[in-house]
Number of protein chains: 2
Amino acid sequence: MANAEILSIGTELLLGEVLDTNSKFFATELAKLGIDCYYRVTVGDNKDRIKASLKQAFDRSDIVLTSGGLGPTADDLTTECIAEFFSLPMILDEAVLREIEKLFADRNLSMPETNKKQAMRPQGSGVLPNPSGTAPGIMWIVPAEVLAKAGVSDPQRKRAVLTFPGVPSELVNMWNQSGAEFISKNFLTGAIFSIELKHYGIGESALAEKYADLLDGTSPTVAPYAGMGECRLRVAAKANTIEEARALVMPVAELIRKESGKLCYGQDDDTLEAVVGQMLISNNLTLSVAESCTGGLVSKRLTDIGGSSQYIKLNAVTYANEAKMKILGVPQELLEQYGAVSDECARAMAEGIVRLSGADIGLSITGIAGPTGGTPDKPVGTVYLGLCANGQVDTKKLSLGTKLNRQEIRFRTSSAALNMVRLHLLSRNLVTQ
Amino acid sequence: MANAEILSIGTELLLGEVLDTNSKFFATELAKLGIDCYYRVTVGDNKDRIKASLKQAFDRSDIVLTSGGLGPTADDLTTECIAEFFSLPMILDEAVLREIEKLFADRNLSMPETNKKQAMRPQGSGVLPNPSGTAPGIMWIVPAEVLAKAGVSDPQRKRAVLTFPGVPSELVNMWNQSGAEFISKNFLTGAIFSIELKHYGIGESALAEKYADLLDGTSPTVAPYAGMGECRLRVAAKANTIEEARALVMPVAELIRKESGKLCYGQDDDTLEAVVGQMLISNNLTLSVAESCTGGLVSKRLTDIGGSSQYIKLNAVTYANEAKMKILGVPQELLEQYGAVSDECARAMAEGIVRLSGADIGLSITGIAGPTGGTPDKPVGTVYLGLCANGQVDTKKLSLGTKLNRQEIRFRTSSAALNMVRLHLLSRNLVTQ
């Protein structure tokens with residue numbers, strides 16, 4: 001089984017100026033292909049350290065993926081270091097140069113002389129096209145004699161190097177369009193198929209306990225992952241073809257889906273907001289949200305989804321009591337008697353946003369996100385949710401504890417609110433089916 | 001000058017399940033202390049590879065910071081690997097054990113036997129307290145004879161190891177309460193003082209050009225960084241004492257602040273939303289926002305700030321034309337004649353939200369975030385902002401281009417909107433002073 005190493009290049013990473021999302025992307029994608037990754041290394045824009053890291057990577061790994069250092073300036077050293085490491089001259093690729101010139105011409109700019117550098121690469125290496133930027137990469141099965149000359153251990157073993165720019169969107173495009181296929185073709189004998197089943201409303205240990213017998217399996221493997229108040233179960237198998245791998249995964253995935261029922265809200269890239277959006281569209285329903293402590297986060301998440309204007313018409317952030325009264329018609333007496341953070345207020349807000357918007361479903365959120373505002377009765381993390389539909393209102397109390405910070409409380413509250421809408425839509429479907 | 005190496009430990013990082021924000025945190029903090037970081041390495045939960053990485057790290061670096069692998073389960077290997085690498089027995093720290101037991105008792109739980117492991121550490125090592133979790137770390141100047149026995153090169157040079165759990169909030173607390181001071185005391189001869197001056201409304205290259213002469217300086221150094229539509233200038237100096245370093249930095253920082261004027265909105269951890277919030281408080285003004293394409297993001301950012309209920313009373317997300325008419329009173333004829341993405345609509349929305357909320361300042365955002373909805377006249381990325389105050393409305397058009405994705409367009413729009421409020425508040429102060 002081939003293994004890969006991820007090498008991030010850039011002093012900005014070592015200064016903490018930039019968060020390295022590229023390495024996470026590569027790691028996720030390699031895992032999907034079933035290629036092991038044992039090391040991720042970050043070095044700065046320094047020739048000696050880049051070359052030392054290349055040596056180490058080629059010695060211990062089959063595939064070396066680099067990000068960063070492909071720009072036109074003097075501190076962009078990746079390509080040059082690879083050429084020097086393999087003692088190869090840099091050549092100018094005329095075809096690549098013409099593409100870069102064209103990119104500038106399209107923007108009515110003349111190409112600065114420095115960008116010529118981006119058309120240079122080590123003699124004999126292949127090009128990894130960059131459809132969305134000026135910096136193409138290298139994509140190359142390094143010949144055994146080149147490896148041997150550089151002193152790489154076991155030079156007869158197949159090695160590849162792929163270089164990507166540090167700009168995340170360009171890197172992702174290049175991987176999706178060329179990189180993944182190149183690696184599959186050259187390094188995978190079998191095929192991997194995997195599904196991640198996303199769960200909400202159950203903790204990692206409870207999920208692991210529920211599926212303890214499956215977690216011991218090897219084909220497919222089943223593993224739980226937790227994060228941000230959610231849990232995922234990854235079901236994966238390897239076989240000779242993707243169809244065979246799929247045939248191993250699907251029955252187990254279906255079993256889990258059935259067992260988990262409402263706890264499983266989707267798979268892979270699904271999000272609560274996207275799933276809620278799809279359900280609203282397929283049921284031809286609209287949703288309006290009245291938020292207090294989440295301050296617009298639920299609205300923001302719902303409208304992160306392109307096309308959400310189909311089911312979101314109006315949301316209100318009623319932070320002040322006055323706004324709750326004036327916009328949502330929450331009675332002053334109710335606020336005085338129970339307070340804004342109460343079951344009663346959540347109920348009145350949900351009713352109010354339906355009245356105001358005419359939406360089919362009204363969702364309300366009121367609580368204490370902290371860091372101040374907590375009381376012994378209602379500590380920070382106390383939240384009430386309300387959902388109004390068909391003239392009925394359901395409410396739910398969350399106690400998120402005092403260990404979470406403001407951002408975490410707000411995020412977990414927004415997920416709980418979205419999930420409340422999802423559960424409502426599910427129960428609605430069950431009734432009408 | 002001492003240098004540090006960051007070692008992240010955890011298979012979940014190599015599978016891309018988790019984004020490594022800890023390494024970025026360490027990198028930022030080391031840069032603040034003026035300690036060079038040449039390498040960041042990530043390995044999985046594998047003894048051989050962890051020990052090999054420890055060997056390499058101690059060989060080439062003075063300070064080794066690890067994150068992850070301090071939990072109670074079998075795949076938490078960090079402490080054990082350090083003990084094995086240095087051929088030291090693991091000892092049970094009774095005082096630490098009692099603290100862990102107390103943590104469980106406080107929650108009315110009995111401590112599982114496995115958690116005993118978290119009170120173990122290599123004989124002779126020191127404790128890095130963890131005030132917010134069950135896993136303390138090691139904080140230790142490794143004696144020369146221990147280094148020599150492990151075969152570390154140049155064992156007479158001072159080396160330290162500090163281990164942190166992978167939970168970001170615990171790691172940050174432990175660094176702030178103990179780690180940073182330990183490193184300063186043991187490795188810093190001089191002191192570093194730095195300020196980051198945050199700019200909005202000027203690009204990185206324009207900023208670099210404006211301050212070209214300062215960028216060549218060495219004491220203080222001045223360097224530009226770009227990201228998320230903003231730019232930062234970092235001014236830093238090293239001297240014998242923090243006061244001396246400060247005295248080198250401040251005149252240059254003041255000069256830049258004065259030169260940059262309104263382009264500089266704050267320093268260090270300041271955000272546009274926090275700065276706007278402070279200005280609203282000190283002017284005793286309230287703000288209401290009517291959002292269309294940003295869908296609640298501006299409201300979310302404003303209310304990310306604790307205490308924002310002082311100046312945010314009500315925001316509206318009027319996604320549909322109907323909501324713009326009904327809630328904000330945007331005339332139907334206006335929408336028919338100019339469309340919802342227009343200067344006229346932004347103006348009417350800003351007036352409408354002031355009318356509805358009674359806020360001193362009304363901010364409106366309407367545009368096309370994509371990926372669909374663009375036209376030749378109004379391509380994706382076309383946004384109009386409106387600001388209504390004292391009966392007057394200003395508008396601003398943004399053309400964010402078609403290269404950005406939906407999230408990027410929404411984020412940059414939200415920053416431009418917050419900056420519009422900031423500039424308004426600045427001009428207001430100038431008038432009244």
Side-chain angles (χ1 to χ4, degrees), chain A residues 12-21 23-31 37-44 46 49 169 225 227 291 294-300 302-304 306-309 312-320 322-323 326-327 356-357 370-372 403 405-407 410, chain B residues 12-21 23-31 37-44 46 49 132 169 225 227 291 294-300 302-304 306-309 312-320 322-323 326-327 356-357 370-372 405-407 410:
Chain A
E12 69 279 12
L13 293 165
L14 295 178
L15 288 171
E17 300 294 344
V18 173
L19 185 60
D20 186 5
T21 55
S23 289
K24 179 179 187 292
F25 173 78
F26 280 145
T28 310
E29 294 296 313
L30 289 168
C37 172
Y38 296 135
Y39 295 98
R40 275 163 48 174
V41 174
T42 306
V43 282
N46 173 287
R49 287 191 283 271
S169 58
Y225 302 97
E291 302 182 57
T294 41
L297 177 55
V298 177
S299 182
K300 184 254 174 201
L302 282 164
T303 59
D304 274 341
S308 48
S309 56
I312 300 287
K313 307 296 178 192
L314 166 70
N315 295 326
V317 179
T318 52
Y319 226 50
E322 201 191 316
K326 188 167 157 190
I327 304 294
L356 179 73
S357 66
T372 59
K403 284 242 160 189
N405 67 27
R406 181 176 174 87
Q407 315 304 342
R410 280 159 50 106
Chain B
E12 68 279 12
L13 293 165
L14 295 179
L15 289 171
E17 300 294 343
V18 173
L19 186 60
D20 186 6
T21 55
S23 289
K24 179 180 188 292
F25 173 78
F26 281 144
T28 310
E29 293 297 312
L30 290 167
C37 172
Y38 296 135
Y39 295 97
R40 274 163 48 175
V41 174
T42 306
V43 281
N46 174 287
R49 287 191 284 270
S132 45
S169 58
Y225 303 96
E291 302 182 57
T294 41
L297 176 56
V298 177
S299 181
K300 185 253 172 202
L302 282 163
T303 58
D304 275 342
S308 47
S309 56
I312 300 287
K313 306 296 177 191
L314 166 71
N315 294 327
V317 179
T318 51
Y319 225 51
E322 202 192 315
K326 188 168 157 189
I327 303 293
L356 180 73
S357 66
T372 59
N405 68 27
R406 180 176 176 88
Q407 317 303 342
R410 278 158 52 106

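Sequence lines set the chain letters: A, B, ... in the order given, protein chains first and strands last, and positions in each chain run from 1.
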Exercise. With a 4.5 angstrom heavy-atom cut-off, which part of B/Leu13 approaches chain A: side chain, backbone, both or neither?
Worked result: both
Problem set entry | Spatial distance of atom CG (B/Asn315) from atom CG (A/Asn315) [nearest 0.5 Å] | 11.5 Å
Exercise. When only pairs under 4.5 Å are counted, which of B/Gly44, B/Gly307, B/Ser309 shares the most heavy-atom pairs with chain A?
Worked result: B/Ser309
For this session: Give, as side chain, backbone, both or neither, the part of A/Tyr39 having an atom under 4.5 angstrom from any heavy atom of chain B.
Result: both
Exercise. Using non-hydrogen atoms only, which part of B/Ser357 is less than 4.5 Å away from chain A: side chain, backbone, both, or neither?
Worked result: backbone
Exercise. Checking B/Arg406 against chain A: side chain, backbone, both or neither under 4.5 Å from a heavy atom?
Worked result: side chain
Exercise. Are the side chain of B/Lys300 and the backbone of A/Ser299 linked by a donor-acceptor contact shorter than 3.5 Å?
Worked result: no
Exercise. Is it the side chain or the backbone of B/Val18 that comes within 4.5 Å of chain A heavy atoms, both, or neither?
Worked result: backbone
Problem set entry | CD (B/Glu12) with more than 12 external heavy atoms under 6.0 Å | yes
Problem set entry | side-chain contact (heavy atoms from CB on, under 4.5 Å) partners for B/Gln407, two or more places apart | A/Asp304, B/Asn405, B/Arg410
Seminar exercise, completed: Assert top hit (heavy-atom pairs under 4.5 Å, partner chain B, pool A/Gly370, A/Ser308, A/Ala316) equals A/Ser308
Problem set entry | Region of B/Tyr38 in contact with chain A, defined by heavy-atom distances below 4.5 Å | both
Exercise. Between A/Thr28 and B/Gly16, which heavy-atom pair has the shortest distance, and what is it?
Worked result: OG1-O, 3.3 Å
Exercise. Name the one of A/Leu14, A/Val43, A/Val41 that satisfies side-chain contact (heavy atoms from CB on, under 4.5 Å) with B/Arg40?
Worked result: A/Leu14
Exercise. Nearest heavy-atom pair of A/Leu356 and B/Lys326: which atoms, and what distance?
Worked result: O-NZ, 2.5 Å
For this session: Go through A/Val298, A/Leu297, A/Leu19, A/Leu30 and name the one with the most non-hydrogen pairs under 4.5 angstrom from chain B.
Result: A/Leu19
Exercise. Considering residues at least two apart in sequence or located in another chain, which fulfil the salt bridge (charged side-chain N to carboxylate O under 4.0 Å, His left out) criterion with B/Glu17?
Worked result: A/Arg232
Seminar exercise, completed: When the 4.5 angstrom heavy-atom criterion is applied to B/Ser23 and chain A, the contacting part is neither
Seminar exercise, completed: From the list A/Ala323, A/Pro371, A/Ser169, the residue making the most non-hydrogen contacts under 4.5 Å with chain B is A/Ala323
For this session: Kindly compute the distance separating CD (B/Glu322) from CG (A/Leu314), expressed to the nearest 0.5 Å.
Result: 9.0 Å
For this session: Can you tell which part of B/Thr372 gets under 4.5 Å to a heavy atom of chain A, answering side chain, backbone, both or neither?
Result: neither
Seminar exercise, completed: Of B/Gly295, B/Gly296, B/Ala320, the largest count of non-hydrogen pairs under 4.5 angstrom with chain A goes to B/Gly295
Exercise. Heavy-atom distance under 4.5 Å to chain A: side chain of B/Ile327, backbone, both or neither?
Worked result: side chain
